[in-house]
Amino acid sequence: MAAKHQRHAEIPVSPEAATHRLAQALQALPRSRRLTVAPPWVTVKIGMSLWSWGESVTAHVQTVPGRGCFVTVRSVSAINLVDWGINRRNVETVLSWIMPAAAPNAQRSY
């Protein structure tokens, strides 16, 4: 079984804005390759490194009427049983990119 990490967050933006932010964040990850945007999904493949055979980072956007979006970000190692914190770092990096800086009290992370 491959190593993985997943987190959820509610953000006060439209699904289109969330998808756009996710595409930018996933593409900015180190060694990102093959970005795929097919709303409500955004996916990127991460290339191999000295410590990893690569990862797949996937985000799903779900509309929350009157409040914005519920976003799920998941990073899964290609082969590794131990990820040395890479999957957690990928997820945390993406979530930090998509959170609106002007509304810190409006964001909830699960």
Side-chain angles (χ1 to χ4, degrees):
M1 182 176 198
K4 62 185 171 189
H5 186 76
Q6 176 175 302
R7 280 205 38 216
H8 312 282
E10 185 176 323
I11 58 173
V13 299
S14 69
E16 296 79 17
T19 301
H20 180 72
R21 288 181 185 192
L22 285 164
Q24 288 179 321
L26 291 175
Q27 201 164 28
L29 290 171
R31 300 176 329 279
S32 66
R33 311 224 187 318
R34 292 185 297 174
L35 176 71
T36 304
V37 179
W41 297 94
V42 182
T43 304
V44 73
K45 300 292 182 188
I46 305 293
M48 290 180 10
S49 72
L50 203 55
W51 302 105
S52 167
W53 286 95
E55 295 83 38
S56 176
V57 183
T58 304
H60 181 262
V61 179
Q62 190 175 1
T63 303
V64 178
R67 293 194 337 223
C69 298
F70 187 73
V71 176
T72 302
V73 180
R74 181 179 190 174
S75 179
V76 179
S77 298
I79 296 176
N80 305 25
L81 297 177
V82 178
D83 71 354
W84 311 107
I86 294 169
N87 290 313
R88 180 190 52 77
R89 228 177 358 259
N90 287 340
V91 170
E92 298 300 325
T93 300
V94 170
L95 287 177
S96 71
W97 267 69
I98 67 169
M99 292 296 185
N105 293 330
Q107 46 193 331
R108 289 191 284 185
S109 184
Y110 304 94

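Predicted model only: the values in this text are computed from it and were never measured.
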Give the C-alpha distance, both sets of side-chain angles, the deciding distance and a yes or no for side chain to side chain contact (heavy atoms under 4.5 Å, CB included) between Asn90 and Glu55. CA-CA 9 Å; Asn90 287 340; Glu55 295 83 38; 3.8 Å; yes
Stepwise side chain to side chain donor-acceptor pair (under 3.5 Å) check, His60 with Thr72: CA-CA 5 Å; His60 181 262; Thr72 302; 5.2 Å; no
Arg33 (side chain) donor-acceptor with Arg31 (main chain) under 3.5 angstrom: yes
Please report, to 0.1 Å, the donor-acceptor pairs under 3.5 Å made by any side chain of residues 41-48, with sequence neighbours excluded.
residue: Lys45; atom: NZ; partner: Ser56; partner atom: OG; Å: 3.4

Decide side chain to side chain contact (heavy atoms under 4.5 Å, CB included) for Glu92 and His5; before the verdict, give the C-alpha distance in whole Å, the side-chain angles of both, and the deciding distance to 0.1 Å. CA-CA 10 Å; Glu92 298 300 325; His5 186 76; 4.0 Å; yes
Side chain to side chain contact (heavy atoms under 4.5 Å, CB included) for Ile98 and Ile11? Distances and angles first, verdict last. CA-CA 8 Å; Ile98 67 169; Ile11 58 173; 4.2 Å; yes
Run the side chain to side chain contact (heavy atoms under 4.5 Å, CB included) test against Pro39 and tell me which residues pass, sequence neighbours left out. Thr19, Val37
Between Ser75 and Asn87, which heavy-atom pair has the shortest distance, and what is it? OG-OD1, 2.6 Å
Trp97 and Gln24: which non-hydrogen atoms are nearest, and at how many Å? CZ3-O, 4.2 Å
Report the C-alpha distance between Lys4 and Arg74 in whole Å, list the side-chain angles of each, state the deciding distance to 0.1 Å, and finish with yes or no for side chain to side chain contact (heavy atoms under 4.5 Å, CB included). CA-CA 7 Å; Lys4 62 185 171 189; Arg74 181 179 190 174; 3.0 Å; yes
